[in-house]
Amino acid sequence: MSEYLDQIDSPRDLKRLPEGALEPLCAEIREFLINSVAKTGGHLASNLGVVELTVALHRVFDSPADKIIWDVGHQSYVHKILTGRKNAFASLRGQNGLSGFPKPGESRHDAFGTGHASTSISAALGFCAARDLLGKNHRVVAVIGDGSMTGGLAYEGINNAGRSNTDLIVILNDNQMSISENVGALSRYLTKLRTAPRYLVAKAGVERLLTNIPLVGKGLSAAMEKLKNGIKHLFVQGAMFEELGFRYIGPVDGHNLRDLTEVLDKVKGMSGPVLVHVYTKKGKGYGQAEDAPAAFHGVGSFHVETGEPVETKVWGTYSDVFGRTLTRIAARNPKVVAVTAAMASGVGLTEFGERFPERLFDVGIAEGHAVTFAAGMAKAGMTPVVAVYSSFLQRAYDNILHDVCIQNLHAVFCVDRAGAVGEDGATHQGLYDIAYLSHIPNITILAPKNKQELIEMLDFAVNRLGGPAAIRYPRGEASVVLKNACVPLEYGRAEVVEKGGKLVFVAVGSMMDAAYEAWAELRREGYNPGLINARFVKPVDLNMVRSLAGYDMAFVLEDHAASGGFASLVQNAMSEYNVAVKCFRSIAFPDEFVGQGRRRELHAKYGMDKNGILRTVRAAMEETEGESERRRIRLI
């Protein structure tokens with residue numbers, strides 16, 4: 001039983017609490033977070049770090065009238081707790097459950113949907129422009145940090161906000177993951193001075209007085225401004241932000257509720273763009289997370305007492321296989337370098353970094369820069385391997401097209417988390433990489449069906465290809481399906497596992513597991529289905545396409561959106577070469593944003609597991625030929 005937390009169902013309830021209840025409330029929130037995330041998994045360390053900040057924001061501002069926009073959004077759990085969703089936390093990140101990110105359809109307090117980094121300032125500025133045009137007067141607050149300031153979009157937003165002169169508040173949550181440290185008492189003193197109403201009024205009055213002095217007024221005012229700027233650059237941390245048009249306030253102790261509330265209350269009354277620099281400790285209040293904030297950034301279920309995971313970590317993931325293989329390749333090829341966008345551990349590059357620290361480049365949350373940076377290295381004679389999640393690589397589309405593919409540079413994109421990712425929901429599903437890569441000239445796209453093929457494809461792309469290449473593989477444990485039945489890799493050629501009779505499955509990458517299960521089940525029932533491993537998404541194997549003319553029914557399976565996917569490429573080729581089959585079906589995700597849930601749950605929901613595939617096959621049989629033809633196919 002929580003004495004104070006149980007009283008809160010909305011920010012209005014929070015405002016009613018006496019000031020003396022706020023510190024105990026923060027302790028209760030931390031206890032609730034730790035116990036909840038230990039069961040469901042999720043983003044823990046970042047949320048533990050913003051408890052006091054979130055309480056202060058909802059204490060001072062009036063959500064949902066005032067708009068609070070969370071960057072990335074994985075640090076919005078406390079916000080959700082304080083806005084009426086505490087009782088839904090048992091469903092966090094589960095299918096049809098509470099989202100791990102801000103989701104406007106879930107609550108009117110979620111002003112803007114986010115899942116990717118560095119978007120909050122631009123979005124907030126859009127809210128401000130709309131507010132001003134509509135003649136409204138609510139406050140707009142962007143909360144950014146946790147590495148998001150390494151993204152160029154954040155500075156594009158700051159640049160435009162600073163010259164807009166609109167009323168915008170940016171909270172920079174500095175959790176020592178980026179930017180600067182606290183400079184001590186002087187900075188706190190300057191912050192108090194610069195937020196005091198008397199100072200602001202006096203500053204404006206002096207400027208008016210000096211400007212109105214005949215002949216010398218404007219020059220004297222300008223001279224004093226230069227002197228002030230010189231002093232500011234000596235003593236004030238946020239000089240850069242002030243030069244860009246913001247009033248800089250801070251740093252403020254992000255775990256001191258009284259200071260936070262006092263500063264935010266004063267900032268609420270200021271005009272123009274204001275940036276409040278708040279420093280926090282990631283993982284605050286849970287020793288294990290404080291000691292290892294990166295390890296507790298995103299976690300599965302764990303034991304609260306020890307911090308150890310409930311389920312033993314799988315060491316045979318595709319990310320692990322990629323990392324170990326690239327390390328071995330780099331040992332033999334000194335031109336190989338690795339590039340990642342703040343995800344070295346997530347994409348499996350830890351061992352590579354330990355072995356070749358000078359050849360691993362982590363550029364921060366800046367995917368576009370990562371790609372163009374890699375293009376520069378490729379043009380200069382290196383072989384860059386860019387490892388990035390599918391949903392994040394889409395942010396660098398133009399860089400891939402303009403900087404890599406037009407110049408036909410030898411850069412390899414290892415597209416991790418391709419396909420259904422799971423619990424992080426629509427913002428993180430990797431369902432579009434085939435669509436946004438395959439129409440770009442010069443690029444080769446590969447998809448391994450199992451662990452061994454990933455090893456072979458990575459070596460092939462690095463050491464045997466001469467232009468742009470992308471290898472897409474899913475989240476989770478690397479498959480060993482058909483591990484003893486691999487035909488040697490040949491450029492642009494699919495692998496025919498079983499020729500079969502009048503029905504064939506063409507599987508892309510990770511969908512070979514489900515395709516093989518469905519294929520085996522049909523064989524047990526007396527059918528003679530064919531089974532093909534696409535291997536190359538681009539170029540499409542034209543011999544494979546022509547071979548489809550020998551089948552009555554063809555089913556293309558891919559862990560991707562149906563629109564713009566591999567099946568579309570196959571159909572285009574079939575049309576061009578006059579290849580026809582009686583029944584052609586795409587088994588893929590429909591034209592909608594796929595929500596959260598475990599991979600296997602999502603595949604089952606959309607008919608992409610063994611049972612769903614068999615339902616599609618049987619329905620297609622019924623539609624095309626009926627029972628008599630089904631008996632005929634069984635005998636072929």
Side-chain angles (χ1 to χ4, degrees), residues 317-319 321-323 325-326 329 336 338 347-348 371 374 378 383-390 393 400 404-405 408-419 430-475 478-479 481-483 486-497 506-513 515 532-545 556-560 564-570 573 588:
T317 67
Y318 279 102
S319 302
V321 173
F322 156 73
T325 304
L326 187 64
I329 291 172
V336 171
V347 297
V371 171
T383 304
V385 177
V386 183
V388 63
Y389 291 3
S390 172
L393 184 62
I400 297 167
V404 175
C405 292
N408 201 26
L409 298 177
H410 186 199
V412 179
F413 300 100
C414 289
V415 188
D416 202 331
R417 273 41 169 202
L431 304 180
Y432 311 103
D433 50 86
I434 292 176
Y436 69 72
L437 291 175
S438 62
H439 64 268
I440 303 177
N442 291 335
I443 197 166
T444 297
I445 307 172
L446 306 96
K449 71 174 183 287
N450 61 21
K451 169 183 175 179
Q452 184 58 36
E453 274 197 346
L454 174 56
I455 294 170
E456 293 179 14
M457 287 179 176
L458 185 57
D459 182 73
F460 182 86
V462 171
N463 293 319
R464 293 168 58 189
L465 285 179
I471 308 172
R472 72 182 311 262
Y473 46 89
R475 179 182 188 177
S479 173
V481 64
L482 296 169
K483 64 178 181 178
C486 285
V487 175
L489 198 65
E490 182 180 348
Y491 184 77
R493 295 300 298 271
E495 175 192 29
V496 179
V497 178
V506 182
V508 178
S510 62
M511 284 302 292
M512 180 56 82
D513 285 84
I532 297 174
N533 170 28
R535 278 189 169 168
F536 286 84
V537 172
K538 184 181 180 180
V540 176
D541 183 351
L542 296 181
N543 288 328
M544 181 271 290
V545 170
V556 176
L557 299 83
E558 55 188 314
D559 195 5
H560 188 272
F566 181 68
S568 299
L569 300 177
V570 172

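Side-chain contact check for R417 versus S319: some heavy-atom pair is nearer than 4.5 Å. Here the side chains of D416 and S390 are not in contact, with every heavy-atom distance at 4.5 Å or above. Between M457 and R535, some side-chain heavy-atom pair lies under the 4.5 Å cut-off. Between I443 and K538, the closest side-chain pair of non-hydrogen atoms falls below 4.5 Å. You'll find the side chain of C414 stays beyond 4.5 Å of the side chain of V347, heavy atoms only. Residues K483 and Q452 have side chains not in contact (no heavy-atom distance under 4.5 Å, counting atoms from C-beta outward). Under the 4.5 Å side-chain criterion, counting only non-hydrogen atoms from C-beta, L446 is in contact with F460. Proximity of N533 to E453: side-chain heavy atoms (C-beta onward) are separated by under 4.5 Å at one or more points.
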Check the pair V508, H560 against side chain to side chain contact (heavy atoms under 4.5 Å, CB included), reporting the backbone distance first and the verdict last. CA-CA 9 Å; V508 178; H560 188 272; over 6 Å; no
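Residues that satisfy the side-chain contact (heavy atoms from CB on, under 4.5 Å) test with D541, not counting sequence neighbours, are R493, A494, N543, M544. Looking at residues two or more places apart in sequence or on another chain, you find a side-chain contact (heavy atoms from CB on, under 4.5 Å) between P539 and T444, Y491, F536. Here F322 pairs with nothing under the ring-ring contact (aromatic ring centres under 6.0 Å, His included) rule; sequence neighbours left out. Residues passing the side-chain contact (heavy atoms from CB on, under 4.5 Å) test with P474, sequence neighbours excluded: Y318, S510, R599. Partners of T325 by side-chain contact (heavy atoms from CB on, under 4.5 Å), not counting sequence neighbours, listed by chain and number: V321, R328, I329, I455, L458.
Side-chain atoms of N450 come within 3.5 Å of backbone atoms of V481 as a donor-acceptor pair (strictly under, hydrogens ignored).
For the atom pair CZ of R464 and CG of L489, the computed distance is 6.0 Å after rounding to the nearest 0.5 Å.
Sorted by first and then second residue, the pairs that involve residues 433-456 and meet ring-ring contact (aromatic ring centres under 6.0 Å, His included), not counting sequence neighbours, are Y397-H439.
When all heavy atoms of V371 and I400 are compared, the closest pair comes out as CG1-N, 3.7 Å. Here the shortest heavy-atom pairing between H410 and T383 reads CE1-CG2, 3.7 Å.
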